Structures are given as C-alpha cells and as structure tokens.
There are 2 protein chains.
Amino acid sequence: MRTIFMLLMLCSVLTPMTAQQQPAVNLMPMPANLQMGTGRLVIDPSFSIGISGDSDPRLQRAVQRFLNDLRAQTGMLPLDMKVTEPSKAVLAIRTARANKDVLELGEDESYSLEVSSTGAKLDAPTTLGALHGLQTFLQLVATTSDGFVVPEVSIQDKPRFPWRGLLIDVGRHFIPMEVLKRNIDGMAAVKLNVLHWHLSENQGFRVESKKFPKLHEMGSDGLFYTQDEIRDLIAYARERGIRVMPEFDMPGHSTSWFVGYPELASAPGPYQIERKWGVFDPAMDPTQERTYKFLDDFLGEMAGQFPDRYFHIGGDEVNGKQWDANPKIQEFKRSHGIKNNEELQAYFNKRVQEIVSKHGKTMVGWDEILRPELPKNIVVQSWRGQESLAAAAKQGYRGLLSNGYYVDLMWSAERHYSFDPLGGAGANLSPEEKKRVLGGEACMWGEYVSPENIDSRIWPRTAAIAERLWSPQEVRDVNSMYQRMEKVGRRLDWLGLTHNSGYWPMLRRVAGSDDISALRALADVVEPVKDYNRGDQAAVEPTSADPLNRVVDAARPESMTARKFADQVDKLLSGSADAETKAQMKSQLMLWRDNQTKLQPLADQSFLLKEVVPISQDLSSLGSAGLRAMEYLDSGQHAPTDWTTEQLGLVEQAKKPKSQVLLMIAPSIQRLIQASAGQATGSSSNQGNR
Amino acid sequence: MRTIFMLLMLCSVLTPMTAQQQPAVNLMPMPANLQMGTGRLVIDPSFSIGISGDSDPRLQRAVQRFLNDLRAQTGMLPLDMKVTEPSKAVLAIRTARANKDVLELGEDESYSLEVSSTGAKLDAPTTLGALHGLQTFLQLVATTSDGFVVPEVSIQDKPRFPWRGLLIDVGRHFIPMEVLKRNIDGMAAVKLNVLHWHLSENQGFRVESKKFPKLHEMGSDGLFYTQDEIRDLIAYARERGIRVMPEFDMPGHSTSWFVGYPELASAPGPYQIERKWGVFDPAMDPTQERTYKFLDDFLGEMAGQFPDRYFHIGGDEVNGKQWDANPKIQEFKRSHGIKNNEELQAYFNKRVQEIVSKHGKTMVGWDEILRPELPKNIVVQSWRGQESLAAAAKQGYRGLLSNGYYVDLMWSAERHYSFDPLGGAGANLSPEEKKRVLGGEACMWGEYVSPENIDSRIWPRTAAIAERLWSPQEVRDVNSMYQRMEKVGRRLDWLGLTHNSGYWPMLRRVAGSDDISALRALADVVEPVKDYNRGDQAAVEPTSADPLNRVVDAARPESMTARKFADQVDKLLSGSADAETKAQMKSQLMLWRDNQTKLQPLADQSFLLKEVVPISQDLSSLGSAGLRAMEYLDSGQHAPTDWTTEQLGLVEQAKKPKSQVLLMIAPSIQRLIQASAGQATGSSSNQGNR
C-alpha cells in the first residue's frame with residue numbers, strides 16, 4: 001500500500017500554496033503547510049481505516065470516535081465503515097509512539113496527511129498528532145454531485161504554540177458534566193489542548209472535598225462535581241488530547257470557601273454565598289498559619305485529583321479592604337516590613353507556591369502574581385495584555401495570553417482574531433523570550449451563561465482564537481476566517497454542541513409561540529451589549545438567580561446578518577454592487593421596515609418579547625431610512641439636509657443599548673444616509689468598534 | 001393552606017366543560033374531566049413545591065425532574081424554584097401510597113389537579129397518578145404578557161385503558177440507550193405507560209446473554225445492550241411510571257439466534273445475520289426437545305432480567321418453508337396428529353407458554369398465537385385489527401390493539417387517531433368483554449429508522465395515539481387534536497427529543513450546504529411513501545447497511561404545510577376564504593412555482609439532492625397550475641378544457657411516488673384545477689387517503 005501510495009502521489013498534480021493564499025478549503029485552524037491537488041477520494045460505506053506502528057489503545061478508541069463522527073456527518077450507519085488491516089485500509093494511520101498517560105506540555109503534536117483519489121495516509125510521531133490529523137480529515141469531508149469526498153491534499157501540520165486553552169468558569173453558574181463534555185469535543189475539533197477549569201468563585205465552590213466537606217456542602221448550593229465526576233472528565237479530555245488544569249482562585253474571589261470555613265477569611269463571619277457579580281471584599285487571611293495549613297491539606301488533596309503538572313491558583317483582583325480593616329493584619333505587615341497589600345499578596349503567593357511545588361505541581365496565576373519573589377518556573381496568565389505578557393517573558397517567566405480572548409465580552413471573532421500572543425510588545429522579544437510565550441486561552445467567564453446558552457458564547461468564535469494559537473502567524477485573512485468559521489461552526493453541530501440549535505427554542509420561549517419569524521428577524525440583527533456593560537447598565541443589579549431567558553441571552557454575540565449587510569453597504573458605496581446585491585439590500589430593508597407590525601401582536605402576548613419592542617421600532621425606522629437613502633443614491637440627488645439630520649438623529653437613538661442589546665445595523669444605515677447626503681461615510685462598521 | 005385553597009376555589013368561577021367541547025387548553029392527552037376558570041397562577045422564581053402524605057422516594061425524584069423540566073421550559077435556573085414545606089408551597093402534592101416497586105398492570109393512575117391564582121394542589125391515590133398530574137401541570141404552563149402562568153383549572157383525570165404502550169424495534173436497527181431514554185421521557189410526557197422492547201429480529205439479537213453468549217456475540221454485529229444497561233433502562237422507565245416488556249420473537253423472525261446456535265433451527269446452518277427486510281424462512285425447530293431446553297434456560301435468564309409480569313414471545317409470521325422441507329418435522333407432525341403448520345406453531349406456543357409461566361410470567365404474543373390450546377391468561381396483541389381483537393375478547397382472552405398504530409407506515413396522525421381499541425367489532429362487545437381490551441400500543445418498526453430520525457417517526461404522531469388510549473372515547477375533534485399535537489410536540493423539544501431539531505441538520509447534509517431554503521420548501525411538502533411501499537418500490541432491494549441520509553429519511557411522516565394548504569383550498573372552494581387567505585395561497589403557490597430555479601444549482605453540487613429534482617420540477621408545475629387555477633376562479637370564467645386536461649395529467653404524474661417520497665400538495669392542486677374548470681372537486685385531501 002505504502003509503495004503504491006507514494007507512486008500515486010508522484011503522479012498527481014499538487015499545487016503548492018502558502019498559508020497567506022488561504023485556499024478555499026474548509027479547515028480551521030489552517031494547517032502550517034497545505035498543498036491541494038485536483039483529485040478526490042470518495043467516502044462511501046466501503047470506507048475503512050487501519051492502524052500500524054504503535055498500538056496505543058487511546059488511538060484505537062479515537063479511531064472509533066472518528067468513525068462515529070464520520071457516520072454522523074454522512075448519515076452512514078454502524079454497519080458500514082470499519083477498522084481493518086492497514087494494508088487494505090482506505091485511510092492508513094501510522095504513529096511512532098503513544099504519549100505519556102498524563103499529557104505533558106510541549107509534546108509533539110505534528111502530523112502529516114496525504115490524500116489521493118485512491119487512499120489516504122496519516123503519519124504522526126505521537127498519538128496526539130494522529131488525533132489532530134483525524135480532525136483535519138473530518139473537516140475535509142465534503143458533499144459533491146458524486147458523493148461524499150475528501151479533496152486530494154498534502155498537509156504537514158504542527159501547532160505554533162504548545163498551550164491552546166479554553167477557560168470555563170463554573171463558579172458563577174454551575175455547568176453540568178455533559179455540557180463540559182460536548183465542549184471538550186468542540187475543543188478537540190479545533191485542536192485546542194487545555195481545558196482550564198475555573199472551579200471556585202465567590203458564587204460557588206464546585207468540587208467535592210473529602211478533607212474539607214463544608215467547602216462543597218455549604219459553598220455550592222448543591223451544585224458541584226463529585227471526585228468521581230472529576231476523574232471521569234479528566235479521562236474524557238485526555239482521550240481527546242486535552243489537558244485539564246484546575247483553578248482554585250485565592251486569596252480573593254473566595255467567599256464561597258468562607259461559608260463553611262469562615263476562619264480562613266480576614267474578617268469574622270458568618271459568610272453567605274455571594275449572589276451578585278463583581279469584586280468583593282472577602283479575602284483569605286495571609287498572616288495566619290492556619291490558612292497555610294488548610295491550603296496545604298486542601299491543595300494536597302486536589303493535587304491528587306488533578307494529574308496535570310500545572311495548577312492555577314488565581315491570584316487576581318484582591319481589593320485589600322478586609323486586610324486594611326483588620327488590626328492583626330496591619331500589625332503583621334508592620335512587623336514583617338511589608339509595605340503594602342501588593343507585597344502582602346506576594347508573601348501569600350510565595351507561601352502558596354511553596355505548597356503547590358511541594359505537591360509536585362507548577363503554579364499558574366493571573367498577572368498579579370508576577371513578583372520577583374517567585375521562582376522562574378511559574379506561569380503567568382495575562383488578562384492585562386501583551387505588554388504585561390512581554391514584560392514577564394523578559395523577566396524570564398513563561399506566560400499565556402488571555403487579554404483579547406474573553407469571549408464573555410461579546411466581541412466579534414474578527415476582534416479576537418486580531419490579538420496575537422506575540423503581537424504588540426511581544427513582537428520585539430528575542431527568540432528565547434518568545435519561546436516563553438506558551439500560547440493563550442479563550443476565557444468563558446460565567447456571569448451570564450447557563451447550560452442552555454454557554455455553547456453560543458463559546459462557539460464558533462473560539463474557533464477563530466484556536467486558529468490564532470495553532471496556525472502560522474501569517475494566517476490572518478479575516479474574510480477567509482469568517483467563511484471557514486461558519487463551516488466549522490456547522491460541523492460542531494454534529495458533535496451535539498448547541499450554539500446553533502439552541503437559538504430556536506430560546507426564541508420560541510421569548511415569543512411564547514412557534515411563530516418566531518418576526519422575532520428572528522429582529523434577533524438576527526442584535527447583539528448583547530459589549531464588555532461589562534450588561535452589569536454596569538442594568539436597571540436592577542443582576543444576581544446569579546436571574547433567569548437567563550431574555551432576548552439578550554438568546555442573541556448571538558456577533559450578528560452575521562449585520563456583518564453581511566455592512567459588506568453590501570461597502571460594495572454599494574464603493575460602486576461595486578451589482579443589481580442583485582442592490583435588490584437584496586432593498587428586500588432586506590423592507591423586511592426590517594415592516595417587521596415591527598408583525599412583532600407587536602406577539603409582544604402583546606409575551607412579557608419576554610415586550611421589552612424589545614423599542615428596538616423593534618428602531619429597526620423599522622432604520623429600515624425606512626435605509627430604503628429612502630438608497631432611493632436618493634439611485635436618483636443621483638443628494639438627500640435634503642433636514643431629512644438627513646433627522647435620520648442621523650434616529651440612528652444615534654438606535655445606537656443606544658436598550659434592554660441590554662445593540663442594534664447592529666445602525667452604523668451601516670448611518671453610512672447609507674451620509675452617502676445619500678453626499679457626506680463622508682467614515683469607515684465600514686466591519687472595521688469599527690466591532 | 002388547604003383551607004384557604006378550598007375557600008378560593010369556592011370564590012372562583014369555574015366553567016364546566018365536557019370533553020367534547022375541547023377547550024382551548026394545550027393538554028394532550030385531554031383529561032377525563034376539566035373545568036376552566038378565569039384566573040391564573042403566575043410561575044416565577046419564587047415557585048415552590050411541597051409533598052405530603054406518603055413520602056415515596058420515587059415521587060421525590062420525580063419532583064426534582066419536574067423542577068428541571070420547568071426550569072428548561074421557562075429558562076429559570078437551579079437557584080430558583082425549590083422543594084419546600086407543603087404548607088408554604090405554591091404547588092402542594094399529596095399522595096396516599098407508593099406503587100409497588102415493580103409496576104403492575106391496572107394500578108390506579110388517577111389524579112386531581114386544582115389550580116387557582118394563589119396556588120395549586122395535586123392529589124393522587126398513588127405516585128403514578130402524581131406523576132401524570134405533574135406532566136399535566138407542565139403542559140399548562142404558558143407565556144403571557146405578565147409572565148409565565150398556569151390557568152385556573154380543576155381537573156379530575158384517569159386513563160380510559162390501563163395498557164398504553166410504545167413498541168420500539170431495536171432488532172432491525174440498533175437504537176442506543178440515550179435515544180431510548182429520551183423517548184421514555186416523551187412517553188411519560190403523554191402518559192404512555194408501557195415500553196414494549198422488541199429485542200430480537202432476523203437482523204439482530206440485542207441482549208447480552210450470559211448463558212448463551214453466542215446470541216449477542218455472533219448475532220448483533222456488536223450492537224447490543226449489556227445486562228447492566230438493561231437494568232439501567234428498566235429503572236429509568238420505572239422512575240417515570242413506565243413498565244418495560246421485552247419481546248423475543250419466536251419461532252420465526254429468529255435468524256440472528258441461529259448464527260451462534262444453528263442447532264435451534266429447522267434446517268442445517270450455517271446462518272448469517274440477515275441484511276434484508278421481510279419474512280424469511282428460518283424458524284426454530286418445534287419438534288426437538290433441545291429447543292425447549294434452550295428456551296427454558298434462556299427465558300429463565302431473561303425472566304430474571306426483566307421484572308415485568310408480562311413477557312412477549314412474538315409468534316408472528318412463520319412462513320413454514322423450513323418445516324415443510326424437513327422430513328423429521330414432517331414425521332413429527334404425522335406421528336403427533338398435527339395437521340398443518342398452524343397447529344405445529346400452536347404446539348410450540350403451548351410449550352413456550354408453559355416455560356414462560358414456569359418462570360413466573362404471563363405470555364403475550366401477536367394475533368397468530370391465539371389458539372384454544374392456550375390458557376385464558378395470555379394476552380394477544382393484534383396487528384390484524386379490531387375484528388381479531390374483539391374475537392379474542394369474546395373467547396375470553398385479553399388483548400391489545402396495534403393495528404392502526406404502526407407509525408412506521410407513515411400515516412397521518414388523523415388516521416392513527418381514528419382507530420379505537422373498542423371501535424369496529426369492539427363496539428359490540430359486552431361490558432365484560434370490553435374490559436378484556438386492555439388498550440393498545442404504537443409500533444415503531446425499525447427498517448428505516450436510525451438514531452438520527454427515529455424520534456421524527458415516533459413524534460409527535462404518537463401523542464395522538466396516546467390521547468386515544470388515555471382520553472374519553474368522545475374526545476375526537478381532529479382539528480383540536482392537530483393544534484394540541486403541535487404544541488405538545490414543541491414541548492417535547494425541551495426533553496431533548498429531536499423530531500423537530502433533527503430536521504435541519506439532515507436537510508443541510510442533503511444540500512451539502514447551509515443554504516437550505518429551497519430544499520426546505522420542497523421537503524416541507526413531501527412525505528415518505530406509505531405502508532410498505534418503500535421496500536416494495538425500491539429499485540435496488542434495501543438492506544440494513546443502507547445509509548439513511550436521503551430526503552425520504554429527513555422528510556416528516558406528515559406534511560403540516562400540505563395539510564394547511566388543503567385547509568385553505570377547502571375554505572376557498574366553500575367560499576369562506578378571506579382576502580388574506582387568498583393572498584397567502586397565491587404567495588405560497590408562487591414560492592412553489594419558483595422553487596426549482598433556486599434548488600437546481602444546489603442539486604448540481606449534491607448527490608443526495610439530485611434525486612429529488614424531478615419532484616422539485618413537479619412542485620414548480622403544480623405551483624404554476626394552482627396559480628392559474630386561482631386566476632380562473634377569480635375571474636369567474638371556467639378554465640378551458642384543454643388546459644384542464646393537460647394540468648390534471650400533470651397532477652397525476654406528480655402524484656406518483658418518486659425517490660420514495662410523495663408530493664402532498666397534488667390533491668389540493670387537483671381540486672383547484674377541477675374547481676376552476678367547474679368540475680366536481682371530490683373530497684378534501686384531509687379526509688382522503690391521508
């Protein structure tokens with residue numbers, strides 16, 4: 001088989017293609033090297049797969065999952081595609097060795113995949129590489145007039161960064177096991193390799209502790225993971241090539257610990273589980289030895305639960321108020337020559353680092369932990385930015401970028417995609433310093449996510465971040481990224497992720513009806529408010545008990561309809577719109593104009609829909625204004641000044657957040673109006689604040 | 001609480017309502033007695049539930065599931081609604097006693113539910129009744145302008161028949177545990193109470209046997225349930241008030257047994273798992289004692305696995321060919337005075353019945369087992385019809401109706417709904433004989449179902465069958481049934497059933513694209529061919545390895561779009577269509593007329609779409625014809641004879657099945673054309689062959 005395969009490869013015509021050219025192949029992340037041929041391999045029920053080289057049982061199980069995924073994608077049945085002898089297999093896999101049982105940072109994840117019209121060959125030094133190659137193969141399967149096919153390709157691939165993570169905050173809202181598992185499947189599909197499990201917060205302590213049972217019994221509302229479940233999840237992730245790093249945030253973000261163990265805190269209790277969001281006063285008392293005794297016992301127990309080498313202790317956002325108010329702590333600072341709370345926290349971190357190290361782990365923490373007192377083997381995770389990350393690297397510390405990758409802030413994929421761990425100050429690092437930048441992590445903070453909508457906050461935008469962390473730095477064509485992200489987002493549907501499918505039941509609930517066409521037209525062009533505005537702009541302070549069933553909870557973080565319309569406006573204003581584009585735009589604007597009339601009767605029946613009527617009215621106004629502006633543009637006459645002023649006033653109104661959503665077509669309508677009046681139109685909304 | 005509640009009940013105005021009046025309340029099945037008030041109970045995060053009376057742990061767990069379901073429906077979070085003291089609870093439940101651990105046929109399943117604006121009260125003699133009442137409460141939750149509410153009602157409810165089942169055939173295609181579980185959730189939601197698990201077929205033996213391991217090892221392609229899984233599923237069903245009756249079909253339908261144990265068969269082996277569909281020759285040898293020794297051991301093992309009192313031995317469709325061809329069997333018949341194969345099978349059944357009885361079970365079998373040799377305690381399941389069922393009842397046998405309830409035949413809900421276990425010959429039975437008719441079972445036979453589309457074959461039509469088996473016989477308003485079935489179908493979405501959500505990914509796979517609007521317009525008006533035509537009309541004989549990924553596999557068994565259009569045609573032809581209806585019809589016809597132009601470019605790219613292009617062309621033709629016919633009708637002029645003849649010819653073409661789907665708007669277009677020509681239009685398609 002191998003000889004024939006090589007021969008065929010020689011005969012076929014492969015087109016070299018650099019990463020920048022971004023060929024029209026639905027892969028995300030883009031491989032490091034890709035050449036495309038003209039032939040194709042048909043995938044039908046006779047498809048078979050064979051393994052040679054190392055016989056890692058983990059790879060065998062991965063092949064079974066691959067076949068299941070391929071069956072799901074194609075609709076073929078278990079009786080069809082099979083594992084067979086490598087020499088007879090359509091897809092032949094060869095690996096040199098298994099990875100260690102506990103996955104390590106920096107393992108070889110490379111693979112090569114050669115597909116011709118007669119067969120495919122996946123080679124990888126380790127099982128991890130083979131897992132990635134199988135995901136690439138799955139993404140290549142396409143529907144054609146002749147059946148399912150994989151195009152002829154030659155791929156040599158490896159990651160740019162060894163640490164490609166997703167943080168999931170389960171402290172603020174508990175996220176059940178099955179939701180985590182399907183997200184692990186999604187991570188594997190886009191070649192992420194670290195689940196950063198943020199397990200404790202002011203609002204909840206989510207892990208069963210046998211040594212300190214009051215942690216989960218009193219700090220979780222009964223919503224926690226048993227140690228069996230933790231083992232299960234770690235094994236599940238490991239099977240998919242994903243490390244699991246736990247985070248127990250300290251000394252701040254720790255109110256839930258104090259419900260059961262108030263003696264750990266810097267002020268007397270009793271404490272209750274926090275129900276609001278933000279930074280709160282409670283912090284561990286860093287001056288008493290019993291705090292360290294407790295942490296030694298607790299972290300010892302958790303070190304046994306979480307086999308990964310890396311262990312995250314948080315360390316962010318201590319406001320110091322409890323410390324300032326406690327005379328004993330003040331006295332401690334004086335007697336130990338500690339000048340301020342930053343130094344006090346550095347003292348705490350050093351003590352914790354020694355405990356973490358004693359239990360065989362390497363400490364990871366947020367920016368704030370970075371102090372010269374700490375040894376160089378710790379890892380700093382930067383929420384502050386590339387500057388902070390580069391500064392750490394210069395000082396000899398390894399680091400991870402998360403600034404720019406907070407998916408809870410509801411930014412566009414484009415904006416996340418533009419952040420590079422070696423961008424900004426990182427670009428000027430020496431090669432040695434650059435190596436200390438291990439990669440990055442998308443962060444799914446949990447204030448406004450439930451099991452129902454968390455997938456839609458993570459996906460598909462996290463696929464763009466995954467590409468940033470895997471693919472060559474030169475891969476940065478935004479249009480190509482969006483095209484491929486949409487495809488990969490659809491593929492994730494087959495894994496059971498609900499970022500697409502969950503939209504419809506949420507809209508039906510909001511409408512209180514199956515008739516959701518008017519609501520959908522509106523919801524398709526709104527986005528939740530950005531950054532921390534949802535909390536900041538709330539009329540009533542939000543709490544963890546608020547139902548997450550509103551339009552803002554259903555709306556997608558990024559409106560593809562608004563993005564597409566903005567592209568059409570670009571075309572129109574640059575004179576490159578054809579008649580069909582213009583007709584589509586007008587039809588779209590009419591739909592928006594008339595939508596409020598359809599929505600109102602439904603809104604009269606549903607309290608959840610009622611709150612978005614003002615936005616629906618804005619949408620109607622903007623639809624009318626856009627249509628009129630296009631008529632002026634068609635006629636070649638400038639729009640009258642009065643009309644323009646009035647309409648631009650409406651646009652400003654429509655740009656204001658209402659019911660915590662933003663109407664994303666407002667900037668495009670603004671440009672149409674401005675252009676119709678002969679004014680400068682400013683930049684496309686696609687390059688603006690999105 | 002109770003006193004206040006009674007007082008409030010006295011003050012509120014309740015409107016008595018008989019079952020025939022079918023009030024506009026979204027309940028399915030309809031309760032035996034229902035009175036509606038004018039007030040309503042608001043369901044918000046302060047909602048709580050309390051239990052008094054018997055403290056059955058099964059009820060406690062059911063209440064937790066109820067809260068989860070209510071949270072899913074409303075989008076509230078686990079921190080909200082709680083279990084509390086009965087005196088403080090918004091919904092107070094009282095039960096007199098728990099049911100036996102193993103559920104019994106004929107248990108009291110009644111309940112009463114009283115809802116006022118200040119609280120609700122659910123009373124039931126047993127836990128089973130309380131489970132049903134909780135499902136009723138969930139169905140009553142509605143969205144209004146003031147929040148989620150339950151309307152003021154007074155319900156006294158109990159089932160008409162004690163046996164309300166769903167058969168799922170896992171022999172022909174294996175159906176995984178999680179799919180069975182979500183269907184059990186669906187069954188509980190519509191108050192079905194028996195899962196009839198059809199576990200062995202020519203195409204697969206699906207149960208692990210420790211005594212005869214070659215049954216599952218050689219007869220299942222590796223697709224079987226372990227004994228642990230069986231215990232798990234039975235426990236899962238029991239928690240939801242559902243009995244699980246196993247079926248091991250014998251002496252026919254048993255090829256898969258013979259792969260490992262050819263000595264059981266009536267002809268020498270070797271045998272292979274059957275890959276085709278139909279009735280096959282292999283049958284157990286009823287003349288050799290080792291057959292009964294084997295069955296005694298095997299049924300003894302299975303009697304221990306399946307705690308239900310009832311045990312189904314199949315007994316259907318033996319063609320007798322192996323028996324006729326075996327000289328030893330012929331000799332046995334002669335020597336025992338057995339005149340024909342029916343008598344031989346009766347001999348076999350009697351022997352098997354003795355074994356089943358010895359192991360503490362009551363035997364159930366299909367029509368064919370009914371012979372005077374068998375004792376009166378067996379139960380006969382009728383696939384032949386009401387005549388057969390009534391005949392059994394007259395002879396003193398208990399029976400179940402399944403004729404009319406085969407959901408694999410792709411009939412309309414209306415047609416299933418019209419079958420009554422006590423209809424036809426059953427109507428003339430004496431009261432005592434009528435009691436022997438225990439109820440019925442919907443049957444999901446598995447030739448053309450996969451884990452992906454089985455939900456869409458079962459739901460929502462099975463809800464109509466569930467209503468027939470639960471509600472008073474007078475509940476038979478078809479329009480009301482359809483309205484409520486659509487609502488209950490949507491509610492089942494929240495339980496994870498995929499009959500609605502699974503449509504879209506299947507259409508995207510067929511299209512090979514996310515752009516499915518043209519395919520959807522077509523798929524929405526087709527249905528799979530009816531009865532056994534899929535196999536009978538196939539160009540190539542179908543097998544169990546065929547991918548089930550075609551339009552026929554995605555298409556819903558009943559086109560609601562075609563049904564709605566037929567209703568509009570009825571209105572139009574009876575002169576009761578208003579201007580809006582007419583406009584909608586024209587817009588719909590134009591969409592159909594123009595759809596093929598949109599679909600063709602997609603069809604050029606996808607082999608799965610290509611096969612329905614001829615139907616798409618028919619749809620265009622019918623759209624044009626319908627539009628023209630409406631123009632003639634508008635004009636008051638008769639359509640010309642030539643045109644009418646030509647168009648009716650097109651309709652006849654369009655009525656023919658193509659690619660195993662039917663274009664369901666053809667009869668409606670036919671009526672439009674006939675009416676436009678001044679011809680008699682025949683009956684509405686809604687009352688026709690659907």
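Values below: all heavy atoms of this structure, side chains included; hydrogens, waters and symmetry mates excluded. Quick caveat: nothing in here was measured; it's all calculated off a predicted structure. Naming: A, B, ... by sequence-line order, numbering from 1 per chain.
- Summarising the local packing, CD of A:Glu580 is surrounded by 12 or fewer heavy atoms from other residues, nucleotides or ligands at distances under 6.0 Å.
- Taking chain A as the reference chain and counting heavy-atom pairs below 4.5 Å, the highest number among B:Asn453, B:Asp80, B:Asp44 is found for B:Asp80.
- Contacts between B:Pro505 and chain A at a heavy-atom distance below 4.5 Å involve backbone atoms as well as side-chain atoms.
- You'll find the side chain of B:Phe607 stays beyond 4.5 Å of the side chain of A:Thr144, heavy atoms only.
- Chain B forms the most heavy-atom pairs under 4.5 Å with one residue out of A:Ala545, A:Ala511, A:Pro78, and that residue is A:Ala545.
- The residue among A:Pro45, A:Ser450, A:Ser513, A:Ala72 with the most heavy atom pairs within less than 4.5 Å of chain B is A:Ala72.
- Heavy atoms closer than 4.5 Å to chain A are found in the side chain of B:Glu452, but not in its backbone.
- For the atom pair CZ (B:Arg509) and OG1 (A:Thr74), the distance works out to 6.5 Å, reported to the nearest 0.5 Å.
- Looking at A:Arg275 and B:Leu79, their side chains come closer than 4.5 Å, going by heavy atoms from C-beta outward.
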Report task. List the steps, then state whether side chain to side chain contact (heavy atoms under 4.5 Å, CB included) holds for B:Ser145 with A:Lys610. Result -> CA-CA 7 Å; B:Ser145 56; A:Lys610 205 162 45 178; 4.2 Å; yes

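- Within a 6.0 Å sphere centred on CD of A:Glu611, other residues, nucleotides and ligands contribute more than 12 heavy atoms.
- The candidate with the highest count of non-hydrogen atom pairs below 4.5 Å against chain A, out of B:Thr143, B:Thr543, B:Leu608, is B:Thr143.
- A 6.0 Å sphere centred on CD of B:Gln60 holds more than 12 heavy atoms belonging to other residues, nucleotides or ligands.
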**Report entry** Worked verdict on B:Lys487 versus A:Asp514 for salt bridge (Lys or Arg N to Asp or Glu O under 4.0 Å)
**Finding:** CA-CA 8 Å; B:Lys487 294 282 182 189; A:Asp514 294 345; 5.1 Å; no

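- In this structure, the portion of B:Arg490 lying under 4.5 Å from any heavy atom of chain A is its side chain and not its backbone.
- Side-chain contact between B:Phe174 and A:Leu77 is absent, with no heavy-atom pair separated by less than 4.5 Å.
- Heavy-atom distances place no part of B:Arg550 under 4.5 Å from chain A, backbone and side chain included.
- Neither the backbone nor the side chain of B:Asp553 comes within contact range of chain A; no heavy atom of the residue lies under 4.5 Å from a heavy atom of that chain.
- Of the two parts of B:Leu223, only the side chain, counted from C-beta on, holds a non-hydrogen atom closer than 4.5 Å to a non-hydrogen atom of chain A.
- For NZ of B:Lys82, the number of neighbouring non-hydrogen atoms (other residues, nucleotides, ligands) closer than 6.0 Å is greater than 12.
- Only the side chain of B:Trp494 comes within less than 4.5 Å of a heavy atom in chain A; its backbone stays farther off.
- Heavy-atom neighbours of A:Gln584 CD from other residues, nucleotides or ligands within 6.0 Å: above the threshold of 12.
- At a 4.5 Å heavy-atom cutoff, the contact between B:Asp221 and chain A is made by side-chain atoms alone.
- Within the 4.5 angstrom heavy-atom criterion, no atom of B:Ser501 approaches chain A.
- With chain B as the partner, the residue from A:Gly222, A:Gly147, A:Pro451 showing the most heavy-atom pairs under 4.5 Å is A:Gly147.
- Distance CG/A:Asn500 to CZ/B:Arg508: 6.5 Å, rounded to 0.5 Å.
- With a 4.5 Å cut-off on non-hydrogen atoms, B:Leu609 does not touch chain A at all.
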